[in-house]
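Structure first, commentary second.
Per chain, numbering begins at 1; letters A, B, ... match sequence-line order. Side chains are part of it too, since the values below use all heavy atoms of this structure and drop only hydrogens, waters and symmetry mates. Nothing here was measured: the structure is a model prediction, and the numbers come from that model.
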Amino acid sequence: MRKDFWILIFILLLFGLALWTITPIDSERFGRHGIQLGLDLRGGSHIVYEADLSKKDPSQSDADAMTGVIQKIERRINEYGVAEPIIQQLGTDRILVQLPGVRDINEAIRLLGQTAELDFRELKLGPDGKPVVNDKGEQEWIVAKAKGSDGQEKELTGKYFKPNAQVVISQQKSEPEVAFEWNSEGAILFKQITERNLQKPLGIFLDGKLISSPTVQAVIEDRGVITGLTIDEAKTLAIQLNSGALDVPLTIIQRSDVDATLGADSLQKSLIAGLIGLALVIVFMIIYYRVPGVIAAIALSIYAVLVLSIFKMLPVVLTLPGMAGFIVSIGMAVDANVLIFERMKEELRAGKTLGAAVDAGFNRAWSAIRDSNITTFIACGVLYWLGGTLGAFMVRGFAVTLFLGVLVSMFTAIMVSRTFLRLLVASHWVTSIRAYGVKR
Amino acid sequence: MIDFIGKRYRFFLVSGVLILIGIISLATFKLQPGVDFISGSSITLRFDEPIDQGEMRTALLNLGYDQAIIQKTPDGDYFIRIREISSQEKEGLTAGLEEKFGKVTIRDFYSVSPVIATKTGRDAGIAIIVAAVFILAYIAWAFRRMPRPFRWGTCAIVPLLHDVFIVLTVFSLLGWLLNIEVDALFITGVLAVVGYSINNTIVVFDRIRDNMTRSISKDFASLVNSSILETFTRSLNTSLTTLFVILALYFIGGATIRNFMMVLLVGVVVGTYSASCVAPQLLVVWERGEWGRFFSWLPFGKRKP
C-alpha cells in the first residue's frame, strides 16, 4: 500500500513533466522547439546540387557515380540525424534534397555537399634534401605514397579508414579530435610513411586544404587522430569520413523553402479521426470492463502524453503516416490491459477476493505480456540493425517508433493500471464485483 | 464451445487456398508499384496569378495525375512530381493548367529517380526473415521448459509469414482489380503486421504453456483447444479496439492514409485469425505426427495400413 502510494506519486510527477514538455505543443522545452513535422506536414528546405561529372573516376560510369553520391548523401543525412528526407536524382547530373524543417540547416547543407576527400601529405624535398619553399614562403606538400599489399604505389587517403571515426576530446589539451582506425591496407601504407617521416611533419588535408600538420613521434600502423578542428567541424568530419568521400564534387544551384506536400486539412482530418477512434476504444473498454475500463482509459491518456513527449524530446520527425501509426499504437496499447483484466475476471469468477484477483490477474498475465513484448523488441532490434546496414533507413525509423510505443505501453500497463487498481481496491470505494465486469 | 482444434483441417484448407491464390496472383499481377518506387518527372511551374494548393491538386486530378506530390515555394512557384511523362504529355499538362489558371511558365523539367530505391522492398523482406529467425530463437528459449521448444518457435513464425504473405496477396489482387498501388507506407504497414501477428500468437502459446504446467488435461489437443477458448475474448477485444481506430482513420482520415490503413486492417484480421486458427493447430498436428495427412490425398501419399 505504501509502495503503491509512492509509485502513484512517481507516475503523477512523470506525467506532469511529460505534459509540461508538450504544452503548448510548439513550446520550447530543453532546447526543443515543438514537435518536428515532416515534409508532408510542414515543408522544409529544397536544395538542388549539381555534380561535376567531368571529375569522376574514368573507370566509373556516370550513372554509377551518381548512385554512389546519392547513397553517401543519404548516409550523411541519416548520421546527422535528420529523419524523413527526400533524395532524388534529377535528370543526369543533379540531385534534389529536401530536408524537413528550416531551422539551422546551413550546417547540414554544407555537410552534405562537401566532397570530404581527406589525404595525408609529406613535405616536398628538394635535391638538397631540404623542404622546398614556394615564392610565398610556404612549404610545399606532396601526397604521401607507399607500396600497398599488392606491390602497387598507393596514395594515403581517408578511403583506407574503417567507417568508425568518432569525435573524442583529447586528454591533455581538452580539444576535440577525430579518432580513426586504418583498415589493413591503410595500416601497411601508414606504417611505411610514418617510418620515413619520423620527427618530421605530416600534413592532413581536407579537400586540398591543410587542417593540421602534426609531427610524427613514432611509427604507427593501426590508428590516429586528427586535431586542429572546432567541435562542430570535428563532428561534421567524422560523419563525412564514415560515409566516405563523394565520388564527384557538388555545387548548390538552387535553394529555397517549400511548403508541405499535404494541406493542413489532411492533418486535421487524421487528428479528428484519431480522436473518434480513441473515444470508441474508451467507450468500449468502459462498457465491457466497467471500473477497470475507466482505469485503462486513464492509462491510455498517460500513454499518449508520454509517447508524444518522447517524440518531441528525441526528436522523432512526425509525418502523417507516422502520426497514423502512433494513433494505431494506442489501439494496441490497450492489449496489455485487456490481458490483465481478462485474467482478473477469471480469478474473480473462481471466487477470489478483489485484492487477490488484482494481484493474481497481473501475475498470471505477466508471462504473456513479457514474452510478446520481448519478441517485438527483438524484431525492432533486427529491423533497426538491418535497416542501417542495408541502407533502408525508413525501416529503421519504423523500428524506433514501434520500440518506444511498446516500451511505454508496457510501462503504463504494469505501473499505471496496476497501481491505480490496487489503490482503488484498497480504498474500498468500489467493492461490488459487478463493477469489475463479473456477474456471479 | 467452438472446437478450434477439431476443425483444424478446415482452417488449413482456407489458408492453403488463400496462399495458392496468392502464389498465382503475385506471379501474374505482382504488386502495382506506386510513385515512390518508379521513376517520374518533376516540373517547376510559375503562374501569373497566385493559386491555392488545393485547387492545384484538383486540377491535376482532373488531368489524370492522381498521385502527384505538390509543393509550393514562397515565391509562388509550384514544384510538382508526377509519374514519368513524355514531352507531348507535358504540353497537354501545361495546356490544361493554362486553361484553368492563366499563363504558365515552365521553369524546369526533369526526369527523377524513385524516392525509394526498389531494393528497399527487398531489404525489408530480408529484415523480416532475419527477424523471424531471432524470434524463433527467443521463443525456443522462452518455452525451454516445454517439450521440444523449437517446435513452438517454428509454429509461431510460420503463421507470421503466412500473415505477411496474405497481406501481399490482398494487395496484389487490389492492384489488379482497383489499381491500388503499393508505396513506402505499404512497407511500414507490413512491418507493423509482423509485430501484431507475433504478439497474438504468443498470447495463445503462453496460455497453452500455463495450462501444461498446471496439467489441466492429459490430451494435448483438448488442452490446446481450451487454451484457445480462454484467450479468445482477449484476442477479439484487442483486435476490436485496434480496428476501431483503424476504421476511424480509414473512413475519416482522408485519402492519403487510406491504403496504409487498409494494410493494417487486413493484417489485424489475418493476424487474429492465424493466432487462434493456424498457430495452435500446427502445434497439435506436429505433436500427433499428422504431417502425412497433408499428402494423403495424393496417390503416393497413402500410408500402408
Side-chain angles (χ1 to χ4, degrees), chain A residues 43 46 70 86 88-91 94 96 256-263 265-266 269-270 272-274 276-278 280-281 284-285 288 320-321 324-325 327-328 330-332 334-335 338-339 342 346 364 367-368 371-372 374-376 378-379 381-383 386-387 390-392 394-395 398 402, chain B residues 42 53-54 69-75 79 110-116 120 123-124 126-127 130-131 134-135 138-139 142 184-185 187-188 191-192 194-196 198-199 202-203 206-207 209-210 233-234 237-238 240-249 251-254 256-257 260-261 264:
Chain A
H46 170 99
I70 290 175
I86 285 177
Q88 282 180 293
Q89 184 176 341
L90 292 181
R94 289 179 182 185
L96 163 71
S256 67
D257 293 338
V258 280
D259 279 357
T261 48
L262 301 171
D265 60 317
S266 310
K269 269 189 205 157
S270 310
I272 293 172
I276 293 176
L278 200 58
L280 285 173
V281 172
F284 173 81
M285 289 297 282
Y288 199 93
L320 186 63
I327 295 170
V328 171
I330 295 180
M332 288 166 80
V334 185
D335 183 47
V338 171
L339 270 170
E342 284 295 330
E346 280 175 45
R364 302 209 28 221
S367 63
D371 284 344
S372 62
I374 290 182
T375 322
T376 312
I378 291 173
V382 172
L383 294 182
L386 277 179
L390 298 170
M394 196 184 75
V395 174
F398 171 79
L402 181 64
Chain B
S42 88
Q53 191 157 351
I69 300 166
I70 304 163
Q71 285 172 306
K72 201 173 163 183
T73 69
D75 322 330
F79 178 71
Y110 293 111
S111 64
V112 291
S113 64
V115 183
I116 312 243
T120 302
D123 291 348
I126 297 174
V130 176
F134 277 86
I135 290 172
Y138 175 74
I139 296 178
L185 282 184
I187 297 184
T188 316
L191 295 176
V194 171
Y196 191 83
I198 195 74
N199 247 24
I202 295 215
V203 169
D206 170 75
R207 184 54 81 111
R209 175 175 61 184
D210 192 28
T233 326
R234 173 264 155 199
N237 284 358
T238 298
L240 271 180
T241 51
T242 315
L243 283 180
F244 286 152
V245 186
I246 293 175
L247 289 174
L249 282 165
F251 287 111
I252 321 169
T256 343
I257 52 171
F260 181 46
M261 289 301 125
L264 296 178

*If we only count heavy atoms from C-beta on, is the B/I257 to A/S270 side-chain gap below 4.5 Å?*
yes
*Side chain, backbone, both or neither: which part of A/S256 has a heavy atom under 4.5 Å from chain B?*
side chain
*Non-hydrogen atoms of chain B under 4.5 Å away: do they reach the side chain of A/Q88, the backbone, both or neither?*
both
Per-residue contact mode, [X] against chain A (heavy atom under 4.5 angstrom):
X      : value
B/L243 : neither
B/I70  : backbone
B/F251 : neither
B/I202 : side chain
B/S42  : side chain

*How would you list, by chain and number, every residue that makes a side-chain hydrogen bond (donor to acceptor under 3.5 Å, both in side chains) with A/D259, sequence neighbours excluded?*
none
*Dump the intermediate steps for side chain to side chain contact (heavy atoms under 4.5 Å, CB included) on A/L96 and B/F79, then the final yes or no.*
CA-CA 12 Å; A/L96 163 71; B/F79 178 71; 3.6 Å; yes
*Looking at A/D371, A/V338, A/V258, A/I70, which one has more heavy-atom pairs under 4.5 Å with chain B than the rest?*
A/D371
_Heavy-atom closest contact (A/L383 atom, B/A127 atom, distance)_ = CD2-CB, 3.5 Å
*Residues that B/F244 engages under side chain to side chain contact (heavy atoms under 4.5 Å, CB included), provided they are two or more places apart*: A/L280, A/V281, A/F284
